Amino acid sequence: MFDAMERLNREQRAAVEHLGGPLLVVAGAGSGKTWTLACRVANLVDRGIPPERILLLTFTRRAAREMLSRAERLTGDRALGRVWGGTFHATANRLLRLHGGALGLSPGFTVLDRTDTADLMDLIRGELGFGQGERRFPRKDTLADVYSRTVNGRTKLAEVLEREYPWCAEEVEHIRSIFERYTERKRAQSALDYDDLLLFWDALCRHPAAGPAISELFDHILVDEYQDTNPLQADILASLRPEGDGLMVVGDDAQAIYAFRSATVANILQFPSRFPGTTIVKLERNYRSTRPILEATNAVIALSPQRHEKTLWTERSGGPLPSLLTCIDERDQADAVCRSILDHRERGTPLREQAVLFRAGHHSDVLEVELTRRNIPFVKYGGLKFLESAHVKDALAVLRIADNPRDEVSWFRVLQLLDHVGPAGARRVMAAIGVSAPGDPMTRFLEQAIAVPAPARAELEGLREAFGDLAVGSAPPAAQVERVRRFLEPLLRRRYDQPEPRLRDLEQLEQLAIGFESRARFVTDLTLDPPVSTSDLAGPPHLDEDYVILSTIHSAKGGEWDVVHVIHAADGMIPSDMSTGDPDQLEEERRLLYVALTRARDELHVLFPLRYHRSNRGYEDRHWYAQLTRFLPEEVRNRFSLETTYVDASDERPGAPSPDATASGVDALLAGLWSD
DNA sequence: AATATCCGTATTTTT
DNA sequence: TACGGATATT
């Protein structure tokens, strides 16, 4: 511990040793923030604070684990496992299961994820008959979005609609009634959505009896990535620590990338005025990147019209300029990345110390194919659709009903799996067994005669048997998933052309369930801490294996690698063309690129394909030409070494249409004139 | 009347 | 690929 303290710089040490009033640490990219937080935790424990009286709020559970294991290594103290570490949501879940009774909350509540929220809203929209007329009515995902923005931003519904969704602002009354019913239904089913977890935590803090008890639990509260918290989360902190004593927040307004989730940099900017007497510490020395890389990233963020009041500096002079590599198309880009990765490995950088970053999950599709073809192992973070795939949700819905037979959304989903049972049939069955009536709907489902179309009868029996077995309830969660899989297998085979990959997903779900203490715990943990990487899903880990990291930029937050490749640096990708309309969103995209570039320690490669192929169906070789991202204008490009994958013969630029492409373009046009 | 099936379209990021 | 809308089928 003493050694570690010696290695801290003056500002870091101030942050570690500060005691008493509120503390704001403004920590630039690569300024040793994680290290500082870990030292602070270790230091607090060294001073005699019991670990279980420290609350460490991080952005992901992974970040909390990482920080606590570093702190453990510092103190050699295993007790650090007792620190309350995790996300706001996971912490809310834990606190509410222990103390939610004060608010009339059942300790067995279920947690609705985003798609569950959307499905329940859709169910209600269907009942109320909205959206069937001529007028455009928001889809279920939009409804869930509006709801979350309203709640998280603590903004009036009408205002949110006016500002963010003007095209459906006229529907405010209908939307309001959907939200009202949605709330009633959640309560009746004792279900909490993501936003409820925070709202109930906040309410618990304000509760006359429970509030003080909750605040009493902690001597110190440390919050990481504070720039990406929302107003509700800031309110919770204020409720827990009205004077800010023992409260420390760390963040960087230049790295705020979650406004789409209602996060606001106002939290970090207004922290000192919200908590008078705040001590501010700025960490401006960058330990991560070489000077050429730092100069390039500083140049990128300098173009942001918003003020970021710090300038990062480093003593790591030397090292190559970052490169900006223009490629012909996506295949060429994938090829160039592979060659670069192998080249770096030849020169001594293992694959694990190399990452490829991109804006959206599917941006790595072509690259993944190429890596696989060349036998380069990789693990992908972010952009996973595992829990969103229909069959995985089906399996989870069965498990959830077993735990909470009043769960309407899950019944509605599971019943429609039966042959010739659609929305109407499912509603009939649900009414017959009284899903929301007093008593136990499961008993009624198992014992009553239920009318379903003839083709569904055998499958209904199968479902009953499955629920019968699950009701016994003592089997390990993995065995229960296996039981559900046995029920679903014939249904999936009937429903899908290619059931095998889906069945394999269910086997993975079974793997994930291994080791969980209970079925309920498994289902809740999965919604609050879903698998974030392909390695999470790959079964037993091969720890000694070397692999490249592929990651969305969002999931790369907090990460750092010796060599970083940023691909698809094209307008329309970064910034995403979904975000180019609104200046604030555009600035968020700029910060996103900044976050990506600042992950690099020694070498940074930015890649940009000139040409994108459109749709794989239809006429071949349809494509469009991309522009380099607007965030790398001339004055920033000067900080890069400019390279191309091709020889730039001036009259045969690969960027220009080849004769072939032109011919097939004409053919396509002609064919379009007479085919229908 | 309800369900199955086909087709076109749009597709970010995540607790 | 998944969803919504339209049409075909039971």
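Below, chain A is the first sequence line, B the second, and so on; all start at residue 1. Bear in mind that the values here come from a model prediction, so they are computed numbers and not experimental data.
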K.L.:
Under 4.0 Å, heavy atoms only, any strand: does Asp196(A) hit a base, just the sugar-phosphate, or nothing?
P.N.:
nothing
K.L.:
Rounded to the nearest Å, what distance is computed from the CZ atom of residue Phe386(A) to the P atom of nucleotide dT14(B)?
P.N.:
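Taking atom P of dT14(B) as the reference, CZ of Phe386(A) is at 16 Å.
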K.L.:
For a side-chain contact (heavy atoms from CB on, under 4.5 Å) with Ser262(A), tell me which candidate from Asn230(A), Thr229(A), Asp195(A), Val151(A) qualifies.
P.N.:
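Between Ser262(A) and the candidates, side-chain contact (heavy atoms from CB on, under 4.5 Å) is satisfied uniquely by Asn230(A).
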K.L.:
Stacking here means centres under 5.5 Å and planes under 30°; does Phe260(A) stack on dT14(B)?
P.N.:
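No, the aromatic ring of Phe260(A) does not stack with the base.
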K.L.:
Write down the distance between NZ (Lys385(A)) and C1' (dA2(C)), rounded to a whole number of angstrom.
P.N.:
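Going from Lys385(A) (NZ) to dA2(C) (C1'), I get 11 Å.
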K.L.:
Decide yes or no on ring-ring contact (aromatic ring centres under 6.0 Å, His included) for Phe59(A) and Tyr258(A), but give the supporting numbers first.
P.N.:
CA-CA 11 Å; Phe59(A) 207 70; Tyr258(A) 278 88; 4.6 Å; yes
K.L.:
State which of dT15(B), dT3(B), dG5(C) makes the closest approach to the side chain of Arg139(A).
P.N.:
dG5(C)
K.L.:
Find the distance Trp201(A):CH2 to dT15(B):C1' and express it as a whole number of Å.
P.N.:
13 Å
K.L.:
Could you tell me the separation between the CG atom of Leu387(A) and the P atom of dA2(C), rounded to a whole number of Å?
P.N.:
14 Å
K.L.:
So if I apply the salt bridge (charged side-chain N to carboxylate O under 4.0 Å, His left out) rule between Asp116(A) and each of Arg185(A), Lys140(A), Lys186(A), Arg400(A), which one comes out positive?
P.N.:
Arg400(A)
K.L.:
Cation over ring, Arg94(A) on Trp84(A), under 6.0 Å and within 45°?
P.N.:
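That pair qualifies as a cation-pi contact.
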K.L.:
Give His89(A) one of three labels, base, sugar-phosphate or nothing, depending on what nucleic acid heavy atoms sit under 4.0 Å from its own.
P.N.:
base
K.L.:
Would you indicate what Phe88(A) reaches in the nucleic acid, counting non-hydrogen atoms under 4.0 angstrom: base, sugar-phosphate, or nothing?
P.N.:
nothing
K.L.:
Whole angstroms only, please: what is the CD-P distance between Gln416(A) and dA2(B)?
P.N.:
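From Gln416(A) CD to dA2(B) P: 13 Å.
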K.L.:
Round to a whole Å and report the spacing from CG of Leu491(A) to P of dA4(B).
P.N.:
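In whole Å, dA4(B) P and Leu491(A) CG are 12 Å from each other.
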K.L.:
Of Arg494(A) and Leu528(A), whose closest DNA chain B nucleotide lies nearer the 5' terminus?
P.N.:
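Looking at DNA chain B, the more 5' nearest nucleotide goes with Arg494(A).
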K.L.:
Please determine whether a side-chain nitrogen or oxygen atom of Ser555(A) lies at a distance below 4.0 Å from atom OP1 or OP2 of dT14(B).
P.N.:
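Result: yes.
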K.L.:
Between Thr527(A) and Ala426(A), which residue's closest nucleotide on DNA chain B lies nearer the 5′ terminus?
P.N.:
Ala426(A)
K.L.:
Give the nucleotide from the list dT11(B), dT13(B), dT15(B) with an atom nearest to the side chain of Thr552(A).
P.N.:
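Comparing dT11(B), dT13(B), dT15(B) against the side chain of Thr552(A), the answer is dT13(B).
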K.L.:
Considering only NZ, NE, NH1 and NH2 on the basic side and carboxylate oxygens on the acidic side, decide whether Arg493(A) and Glu500(A) come within less than 4.0 Å.
P.N.:
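Answer for the salt bridge query: yes.
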K.L.:
Between Tyr496(A) and His420(A), which is nearer to the 5' end of DNA chain C once each is assigned its nearest nucleotide?
P.N.:
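Comparing both residues, the 5'-ward one is Tyr496(A).
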K.L.:
Let's see if you can work this out: which of dA4(B), dA2(B), dG4(C) has an atom nearest to the side-chain heavy atoms of Arg428(A)?
P.N.:
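Between dA4(B), dA2(B), dG4(C), the one nearest the side chain of Arg428(A) would be dA2(B).
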K.L.:
Between atom CD in Glu588(A) and atom C1' in dT13(B), what is the gap in whole Å?
P.N.:
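Result: 8 Å.
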K.L.:
Salt bridge or not between Asp253(A) and Arg591(A)? Use side-chain N to carboxylate O under 4.0 Å.
P.N.:
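Salt bridge: no.
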K.L.:
Applying the Watson-Crick and G-U wobble criteria at under 3.5 Å, what pairs with dT11(B)? Answer none if nothing qualifies.
P.N.:
none
K.L.:
Once you round it to whole Å, what is the distance between P of dT14(B) and CZ of Arg61(A)?
P.N.:
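Going from Arg61(A) (CZ) to dT14(B) (P), I get 17 Å.
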K.L.:
Select one nucleotide: of dA4(B), dT13(B), dA2(C), the one nearest the side-chain heavy atoms of Ala360(A).
P.N.:
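Selected nucleotide: dT13(B).
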